[in-house]
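Worksheet: one structure, shown below.
Position 1 is the first residue of the sequence; numbering continues from there.
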Amino acid sequence: MYDTKYSWNNHINSCIDGYLRSQINIDSYILSSSDNYSDSYIYSYICGESGNSSESESSDIRTSTNGSDLTIRESSNDIDVTQKYRHLWIQCENCYGLNYKKFFKSKMNICEQCGYHLKMSSSDRIELLIDPGTWDPMDEDMVSLDPIEFHSEEEPYKDRIDSYQRKTGLTEAVQTGIGQLNGIPIAIGVMDFQFMGGSMGSVVGEKITRLIEYATNRFLPLIIVCASGGARMQEGSLSLMQMAKISSALYDYQSNKKLFYVSILTSPTTGGVTASFGMLGDIIIAEPNAYIAFAGKRVIEQTLNKTVPEGSQAAEYLFHKGLFDPIVPRNPLKGVLSELFQLHAFFPLNQVKH
């Protein structure tokens, strides 16, 4: 929509200016003093990025009131203003550009300036892939306990689970259920990195296993969207057992029942998820720029005492090494999945087969 950085900046500036004028009671001296308060300054003042504006060279702003100078210290006010309006914007972690939050969800969490795919919540992904009104969640009441009584100096494991449940509104790091994708009934599991880094504990493993078994019994195609840091250390070897349990269920689903499983790797997909069901899909799809690995860059370098080449764990590099099938952006993903399912003889409910 915005072809150049210049036009995008103009759009940002006009959005901010319009928002301030219509919804915020800003002092009249800011609105009237166009010489001293340009659009670019309002942009930098709100967003805390005053490095490019000429006003940032001075540590304070001076205005005239009844013949005396009124000094407003940026050092004290900048932080307050930035904090006050930061909820309006989402900063891209790739180009550091600002995306207006109001439109960000409708853009599928894709940066308008550089096209980078930022993280999505599991609920947003379900909304992206599943037809409205067809989502039927499974095993929502399953919650993690503390099977090995893990003790931490920072925070007890049970308290940490409770904290993430309040913060995300989820009970665990994966949502599972059934729904329709362009009219095609499917079973789908979506991991959520916001919940303890999408780590796989006993409940995550059990929910995914039950989803696979349900899909096996109902002869449904299966999608699992991966976003995880790997097995959950707070549950010890019990979390590692989930790899074998899920893989065993997938073996029956794929090899015995000859059903169709699509794995979608998003950023990041690492550890035990990469080492198990993440790489077992009949078709493995990756998102652009996704970080996909078994061990992280720092761990490899510290263990082997060797430098990991920059970008060697990015989806584009791994695609050329044959690690997975296509790299599919979010925009056409639903259509691509629909075509894949129909190619494997899964058709919409309302379509008459001839």
Side-chain angles (χ1 to χ4, degrees), residues 122 125-126 129-130 135-145 147 170-181 184-193 195-266 269-286 292 294 323-325 337 340-341 344-346:
S122 55
R125 288 193 183 276
I126 290 168
L129 296 175
I130 300 299
W135 173 244
D136 184 14
M138 297 171 57
D139 301 311
E140 284 186 297
D141 56 344
M142 292 183 67
V143 294
S144 292
L145 300 176
L170 304 174
T171 55
E172 252 299 342
V174 68
Q175 291 195 69
T176 58
I178 55 173
Q180 293 181 23
L181 187 149
I184 302 171
I186 65 165
I188 183 170
V190 184
M191 305 190 78
D192 199 314
F193 192 75
F195 195 105
M196 290 191 71
S199 54
M200 179 173 61
S202 302
V203 170
V204 170
E206 182 65 20
K207 289 183 72 171
I208 292 175
T209 302
R210 290 188 183 189
L211 177 73
I212 297 167
E213 290 173 346
Y214 184 90
T216 303
N217 295 331
R218 299 297 180 94
F219 297 94
L220 294 174
L222 174 68
I223 298 173
I224 299 181
V225 182
C226 305
S228 175
R232 187 174 296 174
M233 69 173 188
Q234 289 89 344
E235 296 189 20
S237 60
L238 292 175
S239 63
L240 297 176
M241 292 177 185
Q242 309 311 311
M243 298 166 60
K245 182 168 74 174
I246 295 171
S247 299
S248 176
L250 279 173
Y251 179 82
D252 183 46
Y253 177 87
Q254 293 171 290
S255 298
N256 296 338
K257 294 294 194 287
K258 309 297 181 186
L259 294 170
F260 185 54
Y261 163 45
V262 178
S263 173
I264 301 175
L265 310 181
T266 72
T269 299
T270 62
V273 172
T274 306
S276 57
F277 61 89
M279 291 297 176
L280 290 177
D282 297 298
I283 297 289
I284 304 174
I285 295 173
I292 302 165
F294 175 67
L323 197 67
F324 40 77
D325 299 299
L337 290 170
L340 281 172
F341 290 145
H344 288 78
F346 295 100

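- Residues Ser122 and Gln175 come closest through the heavy atom pair OG-NE2, 2.8 Å.
- Side-chain atoms of Tyr214 do not come within 3.5 Å of backbone N or O of Ile178 as any donor-acceptor pair.
- Remark: the Glu172 side chain and the Ser144 side chain contain an N/O donor-acceptor pair separated by less than 3.5 Å.
- The aromatic rings of Phe260 and His344 lie parallel to each other, with less than 30° between the two planes, well short of the 60° mark.
- The closest side-chain heavy-atom distance from Arg232 to Val203 is not below 4.5 Å.
- Two residues are said to be in side-chain contact when any heavy atoms from C-beta on lie closer than 4.5 Å; Leu337 and Ile285 meet this criterion.
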>> Using side chain to side chain contact (heavy atoms under 4.5 Å, CB included), reason through Phe341 and Ile223 one step at a time and then give a plain yes or no.
In response: CA-CA 11 Å; Phe341 290 145; Ile223 298 173; 3.6 Å; yes
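- Of the possible polar contacts, one joining the Thr266 side chain to the Cys226 backbone as a donor-acceptor pair under 3.5 Å is found.
- Atom CG of Leu170 sits about 9.5 Å away from atom CD of Glu140, to the nearest 0.5 Å.
- Considering every non-hydrogen atom in both Ala187 and Leu211, the closest pair reads CB-CD1, 3.8 Å.
- The CZ atom of Phe277 sits 5.5 Å away from atom CE of Met200, with the distance rounded to the nearest 0.5 Å.
- Closest of all the heavy-atom pairs between Gly179 and Ile130 is CA-CG2, 4.2 Å.
- For the residue pair Ala173 and Ser199, the shortest heavy atom distance occurs at CB-O, 3.8 Å.
- Judged purely by atom type and a 3.5 angstrom limit, Ser248 has no side-chain atom pairing as donor or acceptor with the backbone of Ala244.
- Looking at every heavy atom in both residues, Leu280 comes nearest to Gln254 through O-NE2, 2.8 Å.
- Interatomic distance, Ile283 CD1 to Ile264 CD1, rounded to the nearest 0.5 Å: 11.5 Å.
- Between Ser276 and Ile246 the shortest side-chain heavy-atom distance does not fall below 4.5 Å.
- Across Leu250, Leu259, Ile188, Ile186, a single residue satisfies side-chain contact (heavy atoms from CB on, under 4.5 Å) together with Leu222, and that is Leu250.
- Here the side chain of Thr274 pairs no donor or acceptor atom with the backbone of Phe294 at under 3.5 angstrom.
- Side-chain atoms of Asp282 come within 3.5 Å of backbone N or O of Tyr261 as a donor-acceptor pair.
- In this structure, Ser255 contributes its side chain and Asp252 its backbone to no donor-acceptor pair below 3.5 Å.
- When every heavy atom of Leu220 is checked against every heavy atom of Tyr253, the shortest pair comes out as O-OH, 2.6 Å.
- At distances below 3.5 Å, not a single donor-acceptor pair connects side-chain atoms of Lys207 with backbone N or O atoms of Thr176.
- With values rounded to the nearest 0.5 angstrom, Thr171 atom OG1 is found 9.0 Å from Met142 atom CE.
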> How far apart are the C-alpha atoms of Leu265 and Met279, what are their side-chain angles, what is the distance that settles it, and do they pass the side chain to side chain contact (heavy atoms under 4.5 Å, CB included) test?
Replying inline: CA-CA 9 Å; Leu265 310 181; Met279 291 297 176; 3.7 Å; yes
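- The main-chain N or O of Ser228 is found under 3.5 Å from a side-chain atom of Thr270 such that the two form a donor-acceptor pair.
- Contact of the Ile208 side chain with the Gln242 side chain is not registered, since no non-hydrogen atoms from C-beta on lie closer than 4.5 Å.
- Side chains of Val262 and Pro221 form no contact here, defined as non-hydrogen atoms less than 4.5 Å apart.
- With hydrogens and angles disregarded, no donor-acceptor distance shorter than 3.5 Å links the side chain of Thr269 to the backbone of Ile292.
- A donor-acceptor pair is defined here as one N or O able to donate and one able to accept, closer than 3.5 Å; such a pair exists between the side chain of Glu235 and the backbone of Ser202.
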